[in-house]
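So the structure is just underneath, and the comments pick up after that.
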Amino acid sequence: MKKKLDNARAIVQEIVRDIEKRSQDARREAAAVNDFQVGLRHVENDVSQECLRGIPDKYITMIREKLGAEIVEALEPGKLGAIFKNRDRIQKVYEKIAVLLEKYNHAQKTAKDSLSESDRLRFVQQEMAESQIANLQELETFEQRMLQSQWLVELQLEPFEEAMRRIVSFLEARHIEVYLFDDDKFLTTNLDTDGKIFVYNKQASDINELPHTVDAPTFQEVQETIYETPLVVEGRQIGHCRILCTKTEDFDRDRWIRKVDFIGPVAARVIEANQNRLLAAKVYTDDLTQLYNKRKLNEQMGRLFTQFKSGQKKLFVAMIDIDKFKTLNDTYGHPAGDQVLKKVALLIRDGVPYAYRYGGEEFCAVFYGCEKQAVLDAMEALRKNIEKSSFAVEGLDHAITVSAGIAEFEVTMNAVMDAIDRADKALYVSKEDGRNRCTYYDDIKDRYLADANRLRQRNLMLEEELAQLRQELAGMKGKKIR
């Protein structure tokens, strides 16, 4: 846009220079002088032609008006007889005088026309300059509005904290407090629920009491300026904000309020968008551990599984369970258990690419695009890190360990749960083998299949024994009837 304005200014300047040049050329060009001389010769020829048969009355009248009646009388033959012996010579004098007067008239007309043209060009120049200045002003106003609109759009695309920082800077505010409605249209300060209060450039301990709802702008001026205004998005009030600004000597109240009115609607949209993002995040985030939850795992695993089946990258899943967590929870209570869950979750999050809380004391880790050995090494490092970490339970260090089962996705699988089931089976083996270990499914699948076969055979034997008992019971009932 700036380039277009610069081009427009250059065009206007060129037009002005061209008009000035034309105005000067109208008086100075040699062609104009030559035209003037040609005009004089035409005047002389025309007068001579008209005077061939005598001096026309119009010239005599012109001489009388221009030079006076005494000149005409002096040219009479009786008075100039000593000078001019015949009438032909007197006629030549009349003709010369008429030529001179006509040339004078022609010169006057030419000068007048030239001045008129110069005046006209100056007028056109002034009109065009004023018109272009007005157009430039409109363009500059349009450019300013475009830049403002662009700035507002960019502001809405910024990360929330950066956008709010820029809003505070734009308003030259000391800090801004934002109060939002909860679902019941009450203002709330709870940061973990649907409504919240944001405070910028101010310590949380300094936050004032929760205010009454503000549905119209209010302005207070003491040592600092306090301006409270509703936050409205598409006609809906979502809360209000309180803007505090240090009052200076050159503070322009009206100008500052215009700035608030300018940025207010966008600030409301930025805040609402962040609120919606937080609410959406709550759907996929476990409140206690702040890890993604099982719902998020199912969605992301669905996408990763599709990419895995259509690409060349490998995909692994690990199921992780805190050993003897129920005993710890029953012994020390749920608050202690929650602290252990939060710390284990933090260690898992830092140790694997994708971490989720699956439920209870069970977690899930996902590895995409990793080789088998890298996955096994990462899981073993995580297990050791948890084992050597200090967990304070009721003021005493408590040893916490985890067991894990790892499985690789295969292209023959039909669903995500196929691999998760395998990881669960490997986790079960880790528990069965003494806990505090990681087990890879492929390493125990033969053993697991053997155990499964033994269980199936045992179930068949139990079913046969149960059928035999039923027959015996039926026989005993028959004998009693007889």
Side-chain angles (χ1 to χ4, degrees), residues 286 289 291-294 296-298 300-325 340-341 343-391 399-452:
D286 177 64
T289 63
L291 293 181
Y292 284 135
N293 56 21
K294 190 174 181 180
K296 185 68 171 180
L297 170 67
N298 292 335
Q300 287 191 335
M301 285 302 294
R303 290 194 291 269
L304 287 175
F305 186 60
T306 301
Q307 292 180 11
F308 160 73
K309 297 199 77 171
S310 62
Q312 302 297 322
K313 294 183 179 180
K314 295 181 179 181
L315 181 61
F316 295 85
V317 63
M319 300 303 294
I320 307 164
D321 189 87
I322 301 176
D323 296 328
K324 299 181 180 180
F325 181 78
V340 170
L341 283 171
K343 185 165 184 178
V344 169
L346 182 63
L347 294 171
I348 292 174
R349 187 195 67 187
D350 294 341
V352 301
Y354 302 95
Y356 309 84
R357 186 181 181 189
Y358 200 72
E361 69 271 25
E362 193 169 13
F363 300 87
C364 180
V366 176
F367 299 82
Y368 180 62
C370 300
E371 294 299 323
K372 170 187 171 182
Q373 193 57 49
V375 174
L376 297 179
D377 291 344
M379 287 303 300
E380 184 62 18
L382 173 62
R383 182 195 66 78
K384 290 179 179 179
N385 190 26
I386 293 173
E387 181 183 23
K388 69 181 182 181
S389 295
S390 175
F391 291 82
I400 298 295
T401 61
V402 297
S403 299
I406 308 161
E408 181 179 0
F409 281 79
E410 296 178 359
V411 292
T412 56
M413 291 179 177
N414 296 317
V416 170
M417 287 306 300
D418 293 344
I420 293 178
D421 286 342
R422 288 187 176 185
D424 261 333
K425 291 170 182 176
L427 171 61
Y428 175 79
V429 171
S430 292
K431 295 283 190 181
E432 191 178 58
D433 288 352
R435 301 182 179 86
N436 192 24
R437 65 192 65 237
C438 299
T439 303
Y440 186 60
Y441 175 78
D442 286 358
D443 294 340
I444 55 93
K445 64 180 178 181
D446 292 338
R447 167 185 162 183
Y448 185 83
L449 291 173
D451 290 344

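Both backbone and side-chain heavy atoms feed into the values below; hydrogens, waters and symmetry mates do not.
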Verify, without hydrogens or angle tests, whether R357 (side chain) and G360 (backbone) share a donor-acceptor contact under 3.5 angstrom. yes
Partners meeting salt bridge (charged side-chain N to carboxylate O under 4.0 Å, His left out) with D424 (sequence neighbours left out): none
Taking only Lys NZ, Arg NE, NH1 and NH2, and the carboxylate oxygens of Asp or Glu, determine whether K372 and E408 approach each other closer than 4.0 Å. no
Spacing of D321 atom CG and E362 atom CD [to the nearest 0.5 Å]: 5.5 Å
Before you tell me yes or no, could you show the steps for K309 and E410 under salt bridge (Lys or Arg N to Asp or Glu O under 4.0 Å), namely the whole-Å CA-CA distance, both residues' side-chain angles and the distance that decides it to 0.1 Å? CA-CA 8 Å; K309 297 199 77 171; E410 296 178 359; over 6 Å; no
Nearest-0.5 Å distance, CD1 of residue I406 to CD of residue E380: 8.5 Å
Given 3.5 Å as the limit, does a donor-acceptor pair link the side chain of R437 with the main chain of R435, or not? yes
On the six-membered ring of F391, is K343 placed so that its NZ or CZ lies under 6.0 angstrom from the centre and within 45° of the ring axis? yes
Do S430 and S403 get their side chains close enough for a donor-acceptor pair, meaning under 3.5 Å? no
Gap between atom CD1 of I400 and atom CG of L347 - 0.5 Å precision: 11.0 Å
With ring-ring contact (aromatic ring centres under 6.0 Å, His included) as the test, would you mind laying out the steps for F363 and Y356 before giving the verdict? CA-CA 6 Å; F363 300 87; Y356 309 84; over 10 Å; no
Please determine whether salt bridge (Lys or Arg N to Asp or Glu O under 4.0 Å) holds for the pair K431 and D323, giving the CA-CA distance in whole Å, both sets of side-chain angles, and the decisive distance to 0.1 Å. CA-CA 8 Å; K431 295 283 190 181; D323 296 328; 2.8 Å; yes
Please determine if E371 and K313 form a salt bridge, counting it only when a charged side-chain N lies under 4.0 Å from a carboxylate O. no
Is D418 reaching over with its side chain to a backbone N or O of N414, donor-acceptor style, under 3.5 angstrom? yes
Should E387 and K384 count as an ion pair when the cut-off is N to O under 4.0 Å? no
Flag side-chain contact, heavy atom, 4.5 Å: Q307 against Y368: yes
Straight-line distance of T439 OG1 to E432 CD, nearest 0.5 Å: 10.0 Å
How long is the straight-line distance from CG of D286 back to CG of L341, given to the nearest 0.5 Å? 8.5 Å
